[in-house]
2 protein chains.
Amino acid sequence: MPPTVRRIPRPTAQRLSLYLREIQPLIALGQQTLSSRALGEKLGISSAQVRKDLAWVLQSKQTNEAGRSGVGYNCVKMHDSIRRVVGTNRRWSTALVGVGNIGRALLGYGGFVQDGFPITVILDADPRMAGKRIGGLVVQPMSALRKAIRTHRVTIGILAVPRSSAQAVATQLCDAGIQGILNFAPMRITVSKGVSVTNIDVSIALEQLSMDVSISNRSRLTGEGAV
Amino acid sequence: MPPTVRRIPRPTAQRLSLYLREIQPLIALGQQTLSSRALGEKLGISSAQVRKDLAWVLQSKQTNEAGRSGVGYNCVKMHDSIRRVVGTNRRWSTALVGVGNIGRALLGYGGFVQDGFPITVILDADPRMAGKRIGGLVVQPMSALRKAIRTHRVTIGILAVPRSSAQAVATQLCDAGIQGILNFAPMRITVSKGVSVTNIDVSIALEQLSMDVSISNRSRLTGEGAV
DNA sequence: GAATGTGAAAATATTCACAGCG
DNA sequence: CGCTGTGAATATTTTCACATTC
């Protein structure tokens with residue numbers, strides 16, 4: 001066994017999604033190639049960084065020579081390779097739990113299906129919601145959770161319930177064999193071993209923003225040139 | 001001038017918000033002190049890391065000795081100190097642009113006011129929405145943007161509009177003198193120099209999650225013990 | 001000339017480990 | 001003792017710089 005197979009660095013993984021966002025419209029426009037410099041400039045990232053990142057996704061398939069010296073990267077090949085690593089080359093069935101405002105906003109945004117994350121099951125704790133049809137799907141009662149997840153081969157749960165029930169639902173999802181949870185509840189949830197969690201927390205995002213603004217204000221005062 | 005005043009590291013800044021989340025309920029429970037170890041364990045972070053992070057927020061005010069050897073940190077003092085750095089000790093007036101599903105979800109969640117980010121202005125491009133009262137505030141037309149932001153001393157704009165109008169609205173916000181934008185549109189927006197942007201993009205979050213799940217699956221196969 | 005791919009160097013971030021306090 | 005605060009040691013990430021390819 002070679003020393004260790006070095007996993008993809010977290011910062012790289014985060015940038016890969018950004019790269020996809022930039023490449024997609026270029027492909028739609030018919031652009032053939034894109035240089036690391038050009039891609040980096042759009043995102044405020046150095047060209048060397050972009051090349052290092054891409055090395056992670058291109059090295060896997062050695063025949064895939066998306067990058068050519070003096071030319072740049074083939075947009076389509078690069079896009080495909082990144083998608084393979086990100087996982088959006090295949091479909092991840094998702095189950096939406098909670099059809100409040102957040103849930104409805106997610107259903108209203110059709111982009112997920114296109115991005116590889118179709119919502120195939122909708123559940124809600126409110127008995128009055130059960131049976132209602134929203135966006136082509138019938139809302140299931142919570143009692144149907146386990147079976148629905150199994151039969152639809154759902155791998156990702158989208159947790160859009162109030163804070164008070166978030167942990168209980170998360171546990172149910174884990175017990176039903178989910179592999180990942182996208183958590184909109186403004187709290188840390190505890191999950192079974194092997195289950196991944198990504199949080200979307202508006203308050204935390206606002207706090208991050210307020211720190212950035214404070215720093216930006218401070219350096220404006222002291223005259224330091226912030227990027 | 002001392003070498004350079006070293007800004008707070010990005011990873012530290014991100015963790016500070018998490019610390020606040022953990023400390024808050026403990027204070028409500030009346031807990032007096034908390035050790036770096038205990039705090040770290042809740043979040044899967046080493047105690048040394050927690051102490052280093054807290055050094056950043058406690059050093060500023062030298063009289064504030066929240067941490068005591070053999071005892072731990074005083075919850076209330078620690079909480080206050082972190083809030084001062086994060087910026088939630090003061091109020092950041094925000095303007096919500098777009099009262100679609102996302103906008104309504106944000107209005108429905110009252111937590112922001114408590115967290116220091118009260119929504120004081122609501123705007124929408126749809127003329128039929130203008131004048132309507134939602135959550136105690138009257139929806140303003142876009143033509144009122146500049147004036148409303150100035151008179152209400154709004155520092156942060158919350159962009160909850162469709163992708164197609166996101167850039168235009170972002171530009172308007174910048175022109176009106178906003179300092180930060182929380183962007184819900186699934187695209188990169190370009191802003192004036194000095195304006196900070198934080199993105200909340202569900203597709204990107206899902207992609208991140210799918211990578212985590214893929215990696216988790218892979219190491220389950222190879223038997224590597226992932227955290 | 002233009003751009004990739006990549007070792008080596010520099011910068012950042014995390015962990016170790018321990019002196020010193022309460 | 002238990003726990004903080006912090007230098008020193010590691011580990012990770014980013015940038016540099018350049019040989020190499022088209």
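The chains referred to below are lettered A, B, ... by the order of the sequence lines, with proteins before strands, and numbering in each begins at 1.
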Base, sugar-phosphate alone, or nothing: which one does Ser36(A) contact when heavy atoms must sit under 4.0 Å apart? sugar-phosphate
Rounded to the nearest angstrom, tell me the gap between atom [atom1] in [X] and atom [atom2] in [N].
X: Leu39(B); N: dG2(D); atom1: CG; atom2: C1'; answer: 17 Å
X: Arg6(B); N: dT12(C); atom1: CZ; atom2: P; answer: 6 Å
X: Gln14(A); N: dT13(D); atom1: CD; atom2: P; answer: 10 Å
X: Trp56(A); N: dT14(D); atom1: CH2; atom2: P; answer: 12 Å
X: Arg10(A); N: dT14(C); atom1: CZ; atom2: C1'; answer: 16 Å
X: Asp53(B); N: dA13(C); atom1: CG; atom2: P; answer: 11 Å
X: Leu54(A); N: dG5(C); atom1: CG; atom2: P; answer: 8 Å
X: Asn74(B); N: dG5(D); atom1: CG; atom2: P; answer: 12 Å

Strictly under 3.5 Å: I want the nitrogen or oxygen pairs between protein and nucleotides 8-10 of chain C, one per line.
{"from": "dA8(C)", "atom 1": "N6", "to": "Lys52(A)", "atom 2": "NZ", "distance (Å)": "3.4"}

So which one's nearest nucleotide on DNA chain D is more toward 5', Ile45(A) or Ser35(B)? Ser35(B)
Nearest-nucleotide wise, let me know which of Tyr73(B) and Arg15(A) is further upstream toward the 5' end of DNA chain D. Tyr73(B)
Is the number of heavy atoms from other residues, nucleotides or ligands within 6.0 Å of CD (Gln24(B)) greater than 12? yes
Please check if the number of heavy atoms outside Arg90(B) that lie under 6.0 Å from its CZ is greater than 12. yes
Are Ser46(B) and dT15(C) close enough that a side-chain N or O sits under 4.0 Å from OP1 or OP2? yes
Kindly say if Gln49(A) contacts the phosphate of dT15(D), meaning a side-chain N or O under 4.0 Å from OP1 or OP2. yes
Can Glu207(A) and Ser17(B) be said to form a side chain to side chain donor-acceptor pair (under 3.5 Å), step by step? CA-CA 7 Å; Glu207(A) 289 177 7; Ser17(B) 290; 2.6 Å; yes
Short question: side chain of Arg153(B), backbone of Ser93(B) - any donor-acceptor pair under 3.5 Å? no
Check: Ser216(A) side chain, Gly194(B) main-chain N or O, donor-acceptor pair, under 3.5 Å: yes
Which pairs, protein N/O on one side and nucleotides 18-22 of chain C N/O on the other, fall under 3.5 Å?
{"from": "dG20(C)", "atom 1": "N2", "to": "Ser69(B)", "atom 2": "OG", "distance (Å)": "3.2"}

Member of Ile156(B), Val86(B), Ile200(B) meeting the side-chain contact (heavy atoms from CB on, under 4.5 Å) criterion with Leu206(A): Ile156(B)
So if I take every side-chain heavy atom of Pro9(B) and compare against dA17(D), dA13(C), dG5(D), which nucleotide ends up nearest? dA13(C)
State whether Arg188(A) and Asp201(A) are salt-bridged, where the test is any N-O pair (Lys NZ or Arg NE/NH1/NH2 against Asp/Glu carboxylate O) under 4.0 Å. no
Can you find a heavy atom in the side chain of Arg51(A) that is under 4.5 Å from one in the side chain of Tyr73(A)? yes
Any side-chain heavy-atom pair of Leu173(B) and Val191(B) under 4.5 Å: no
